[in-house]
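Quick notes on the structure that follows.
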Amino acid sequence: MTHKQIQTDRRIRSAFTAGVALLLIGVLLGPGRVPVAQGYNADATTAITGLTQHSSFHYEMVRVLALLAGFDKNEAEEIGVAGEAVDLGQFTGYKFLGSKAKTVTIRNTNRFGPNGRLYHFGRRSSQYEKVDADGARSNTCEYFKGGDRTSPNTAPCTVKGPELDQIKNWAFDLPGPKPTANELPRDASGKPIQPKTPVAIGIYVHSIGDSYSHEKCMIDAAFRFHKPIPFSCNTQWHTDPVRGEFTVGIAFTKAAANEVWRALRQFKGADGSNPPNFIKEFLAIKDACTRVKFAVDTFNSLTGETSKGIRCPGPSGTLGKSRRRG
Ligand SMILES: [Zn+2]
Ligand SMILES: [Zn+2]
């Protein structure tokens with residue numbers, strides 16, 4: 001081939017590559033192309049709650065634990081709403097205090113953005129509870145020893161140590177490695193979120209939950225993202241009522257809830273070694289609607305909130321049982 005032919009060939013090839021890349025970006029980010037649920041599959045659906053589809057663990061459970069840990073109801077609501085906003089970018093909770101619902105916006109933590117692995121697929125040191133499951137390690141960096149450094153999904157922990165510990169150092173304003181300025185969560189106006197605020201605590205407890213809900217995939221595949229196979233890496237892991245994180249993965253979910261509790265208590269300067277019974281009761285409910293309803297009813301009875309409860313179909317449904325008001 002002549003020099004000119006090679007050049008033309010190269011130009012065609014790079015134009016093709018750019019085209020494919022653009023197409024991929026379009027498919028991934030195009031407005032409305034990928035419904036939120038497809039990349040997320042949270043258990044608390046709009047049909048159940050009337051809110052944007054979300055996770056009963058990150059919102060409904062966390063705000064009850066925050067109340068029990070000693071936060072007031074405004075702070076507890078903000079912690080829960082912020083926790084969910086880490087996934088959705090923006091989240092609005094239930095109608096609150098008989099008036100407007102709380103909305104929290106969090107930027108720079110998107111799962112598909114540059115900090116997705118930091119906030120949603122963080123690894124932990126042994127300062128956190130080890131999961132009672134086959135192959136589980138206390139320091140979850142160990143799954144990635146010898147991992148391929150060229151791929152962010154498989155690379156070992158860096159010299160800064162496990163990501164969850166870094167997020168804690170930021171959220172609690174502790175000494176030690178923290179996320180860089182480019183990695184910090186930001187508010188709606190683009191300003192870094194301040195540590196030691198309810199929103200910062202909400203972000204940290206979200207990352208605690210995710211470090212456990214994505215751990216089975218780390219054990220099975222030494223992988224820090226979602227992919228279809230193995231099932232522990234599939235997004236369905238979060239919601240599947242038979243082989244997901246509320247059944248076969250319950251050991252992970254339980255340790256996660258215990259650590260969320262411990263973090264909330266620690267922030268309050270209180271002993272977090274004794275998780276409340278609420279955790280056990282909440283995790284024992286395998287039906288998503290009944291689980292959400294239980295947490296909402298608990299929150300409402302602890303706060304005197306009068307937002308109408310959740311109504312679930314079926315025998316465990318609420319037509320007879322729910323507190324109907326107004
Ligand atoms: Zn997440
Ligand atoms: Zn996930």
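First listed ligand is number 1; within each ligand, the first listed atom is number 1.
- Remark: aromatic rings of Y204 and F267 are distant, center separation not under 6.0 Å.
- Put simply, the angle at the Zn ion (ligand 2) from NE2 in H214 to NE2 in H238 is close to 100°, to the nearest 10°.
- Sorted by first then second residue, the disulfide (SG to SG under 2.5 Å) pairs that include residues 145-201, not counting sequence neighbours, are C141-C157.
- At a threshold of 2.8 Å, the Zn ion (ligand 1) has a backbone or side-chain N, O or S atom of H120 nearer than that distance.
- Side-chain contact of H206 with E84: a donor-acceptor pair under 3.5 Å is absent, judged by distance alone.
- Here the N, O or S atom of H206 that is nearest to the Zn ion (ligand 1) is NE2.
- Shortest distance from the Zn ion (ligand 1) to D210 is reached at OD2 (N/O/S atoms only).
- One finds a salt bridge joining K293 and D297 here, because a Lys/Arg side-chain nitrogen approaches an Asp/Glu carboxylate oxygen to under 4.0 Å.
- Looking only at its N/O/S atoms, D87 has OD1 as the one nearest to the Zn ion (ligand 1).
- Here the two rings, on F278 and F299, have centers that are 6.0 Å apart or farther.
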